[in-house]
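Throughout, a chain's letter reflects where its sequence line sits, starting with A, and its residues are numbered from 1.
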2 protein chains.
Amino acid sequence: MNCKTTNADELMKTRDKILLSSLELFNEQGERNVTTNHIAAYLAISPGNLYYHFRNKSDIIYEIFQEYEKLVDYYLDIPENRPLNLDDMTFYLESVFDGLWSYRFLHRDLENLLDRDQRLRSDYREFTDRCLAAISKIFEKLAEGGILEPQPDALRAAMSLNVWLIVTNWMAFLKTAHGEKASACLTLHELKQGIYQVLTLELPYVTPVYREQVMELRERYRPTMPEQEDEREVSAG
Amino acid sequence: MNCKTTNADELMKTRDKILLSSLELFNEQGERNVTTNHIAAYLAISPGNLYYHFRNKSDIIYEIFQEYEKLVDYYLDIPENRPLNLDDMTFYLESVFDGLWSYRFLHRDLENLLDRDQRLRSDYREFTDRCLAAISKIFEKLAEGGILEPQPDALRAAMSLNVWLIVTNWMAFLKTAHGEKASACLTLHELKQGIYQVLTLELPYVTPVYREQVMELRERYRPTMPEQEDEREVSAG
DNA sequence: GTATTATTAGAGTATATACTCTAGGTAGTC
DNA sequence: GACTACCTAGAGTATATACTCTAATAATAC
């Protein structure tokens, strides 16, 4: 019930249904484990039908990636004319993790996706650059807002990269840290504990004035370790 | 010349040759792209021969993982009876990234590996726990040595997790950030720039006495952005 | 030397996967 | 009611992949 949503509305065009179902299946089972035949079967259409709408599997993935790109670019459009406050920061963090969740298959086995599709590789590269620039700008504008201590450019760049690494790989970590069972089921709530990790990173740079507030915000995302799974043997203290 | 080593010594037992060549091929091409037939062909032995020595591909991977585990456990054996100094820290960082390099295929598409092999999943989980504990202990002992400010347990745990995320995913980032070409060729030198990122993370916690030295150490690993590839169009600034 | 065990070759197989091809249906237009 | 553009079905294919089976060869023990 947790890991399933309904879609494939009767009113939707086949092409859109393919995109939507592909995303859903990719997210749940991993791109590697979802074949074009699976997608067709899931939609109860023929493989030929699927290939009428898309030249190949890569094209489906590429189109989904472009949606993702658009979404994140939209979220990370930083206002130029004013400093940022804590609400802004919360919004950025929440939005980014929401996007990550909706398109989570992309960050699983990304390397193989990029190896198979050069368009995707160069697009993703530029996407990364844009995101890093956005993160850096957020830091800058948070400093303007008196929330973070101002930092030299080089340090800010390195910090932004660390944030990027944590954000994009938190999901993968959760999957590997997850119990003995299949890694299919994971909740958005768990994913957002990544925000705790990002705020941990920022903590030393928060100005004394805002320390309390940021600590409180961070606390809201603290991982709740005990009994979040129904049945789990205690394996490590 | 950079991405190739010779092995498959004539004196070596077939079983060991299989392990060694598998590791080499996995590292260079990714586990997904290397079949048991490839491994056999590479060694100029028959598939039957390979399957005489290993029940299946998973067993090969599992055994390689156990080597990796042993190596890292050996590196991360923290002395109980004394604080740590800067040389210790350098050693740990260098060693961990060396290990990461030698077994780099493991951290590519790890999720799929874990999904396919339950032994690996639970072993890896415990391995992660041990590493996180080791990182935390290193921080503790660096504080004892007066290099880092002492920190409350909870913060140290979160910081350790951030270090783990950066260390284990730095390679993947480099691969995705790499130019238009195939991601096969990547150097140990580039990988070690991950140390710069880890030290960036620790920087705010370094005591004033050691700040200079740590900054210098960090500088040694600073990424050298311009012209490290033969021909590369300038795409961003 | 012969029996036994360890090792190897190499053809072969079951299954899967991405994708193709032909033929046919539907909807709108004149 | 024929023409056209769009859409769909479904059988089929080339290739790959993990793995098996049988038989032969080398090594070792007695």
Side-chain angles (χ1 to χ4, degrees), chain A residues 7-26 28-65 105 108-109 112-120, chain B residues 7-26 28-65 105 108-109 112-120:
Chain A
N7 65 1
D9 191 342
E10 291 305 321
L11 300 173
M12 213 178 287
K13 289 210 171 141
T14 303
R15 192 187 154 82
D16 293 327
K17 288 200 276 187
I18 292 171
L19 284 174
L20 207 61
S21 297
S22 297
L23 177 58
E24 189 177 329
L25 293 174
F26 289 161
E28 277 172 16
Q29 303 172 32
E31 178 268 338
R32 184 177 187 169
N33 304 316
V34 177
T35 74
T36 48
N37 291 346
H38 287 152
I39 300 167
Y42 181 77
L43 282 168
I45 66 173
S46 65
N49 194 353
L50 187 146
Y51 278 91
Y52 169 77
H53 291 283
F54 293 94
R55 253 187 29 251
N56 51 41
K57 196 180 172 187
S58 272
D59 276 7
I60 299 176
I61 295 167
Y62 186 60
E63 206 144 317
I64 293 177
F65 168 72
F105 87 91
R108 170 173 177 175
D109 205 9
N112 266 307
L113 296 182
L114 300 190
D115 278 351
R116 281 152 199 268
D117 190 338
Q118 285 302 312
R119 291 171 305 178
L120 195 61
Chain B
N7 65 2
D9 191 344
E10 290 304 320
L11 301 171
M12 214 179 286
K13 289 210 172 141
T14 303
R15 192 187 152 82
D16 293 327
K17 287 200 278 187
I18 292 171
L19 285 173
L20 209 61
S21 296
S22 297
L23 177 58
E24 190 178 329
L25 292 174
F26 288 160
E28 278 172 15
Q29 303 171 32
E31 179 269 338
R32 182 176 187 171
N33 305 316
V34 176
T35 74
T36 49
N37 291 347
H38 287 152
I39 300 167
Y42 180 77
L43 282 168
I45 65 173
S46 65
N49 193 354
L50 187 147
Y51 278 91
Y52 169 77
H53 291 284
F54 292 93
R55 253 187 29 249
N56 52 41
K57 196 181 173 187
S58 271
D59 276 7
I60 298 176
I61 295 166
Y62 186 60
E63 206 145 317
I64 293 176
F65 168 72
F105 87 91
R108 172 174 175 173
D109 206 8
N112 266 306
L113 295 182
L114 300 190
D115 278 350
R116 283 152 199 269
D117 190 338
Q118 285 302 313
R119 291 171 305 177
L120 196 60

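In this structure, B:Asp59 places its CG atom 14 Å from P of D:dA18, rounding to the nearest Å. Taking atom NE2 of A:His38 as the reference point, atom C1' of C:dA16 lies 9 Å away to the nearest angstrom. Separating the CZ atom of B:Phe54 from the P atom of D:dC19 is a distance of 13 Å, rounded to the nearest angstrom. Taking atom CG of residue A:Leu43 and atom C1' of nucleotide D:dA9, one finds them 14 Å apart after rounding to whole Å. The distance between atom CG of B:Asn33 and atom C1' of D:dA16, rounded to the nearest whole Å, is 13 Å. Between the CG atom of B:Asp16 and the P atom of C:dT7 there is a distance of 11 Å, rounded to whole Å. Atoms CZ (B:Arg32) and C1' (D:dA18) sit 15 Å apart, rounded to a whole Å. Spacing between atom CD1 of A:Ile60 and atom P of C:dA18 amounts to 10 Å, rounded to whole angstrom units.
In this structure, the nucleotide among D:dG10, D:dA9, C:dA18 sitting nearest to the side chain of A:Pro47 is D:dG10. Of the candidates D:dT17, C:dT8, D:dT8, D:dT17 carries the atom nearest the B:Asn37 side chain, counting heavy atoms from C-beta on. Checking C:dT17, C:dC19, C:dT7 against every side-chain atom of B:Thr14, the shortest atom distance belongs to C:dT7. Closest to the A:Asn49 side chain, of the nucleotides C:dT8, C:dC19, D:dT8, is D:dT8.
Residue B:Ser46 has no polar side-chain atom (N or O) positioned under 4.0 Å from OP1 or OP2 of C:dA11. For D:dC7, one of the phosphate oxygens OP1 or OP2 lies less than 4.0 angstrom from a side-chain nitrogen or oxygen of A:Tyr52. For A:Tyr51, a side-chain nitrogen or oxygen approaches OP1 or OP2 of C:dC19 to under 4.0 Å. Side-chain N/O atoms of A:His53 include one lying less than 4.0 angstrom from OP1 or OP2 on D:dT8. Proximity of A:Thr35 to the phosphate of C:dA16: no side-chain N or O atom is located under 4.0 Å from OP1 or OP2. Distances shorter than 4.0 Å separate some side-chain N or O of B:Thr36 from OP1 or OP2 on D:dA18.
Taking OH of B:Tyr42 as the reference point, atom OG of B:Ser22 lies at 10.5 Å (rounded to 0.5 Å).
With respect to B:Asp109 and B:Arg116, no salt bridge is recorded, no charged nitrogen being found less than 4.0 Å from a carboxylate O. Using a 4.0 Å cut-off between charged nitrogen and carboxylate oxygen, A:Asp59 and A:Arg119 count as a salt-bridge pair. Ion pairing between B:Arg32 and A:Glu31 holds under the 4.0 Å rule for side-chain N and carboxylate O.
Nucleic acid contact for A:Ala44: sugar-phosphate only, since backbone atoms but no base atoms lie under 4.0 Å from a heavy atom of the residue. Residue contacts shown for A:Ile45 are limited to sugar-phosphate atoms, with no base heavy atom under 4.0 Å away.
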- Task: For side-chain contact (heavy atoms from CB on, under 4.5 Å), just list the numbers for A:Ile45 and A:Ile18, CA-CA rounded to whole Å, side-chain angles, deciding distance to a tenth of an Å, and then say yes or no.
- Result: CA-CA 10 Å; A:Ile45 66 173; A:Ile18 292 171; 4.2 Å; yes
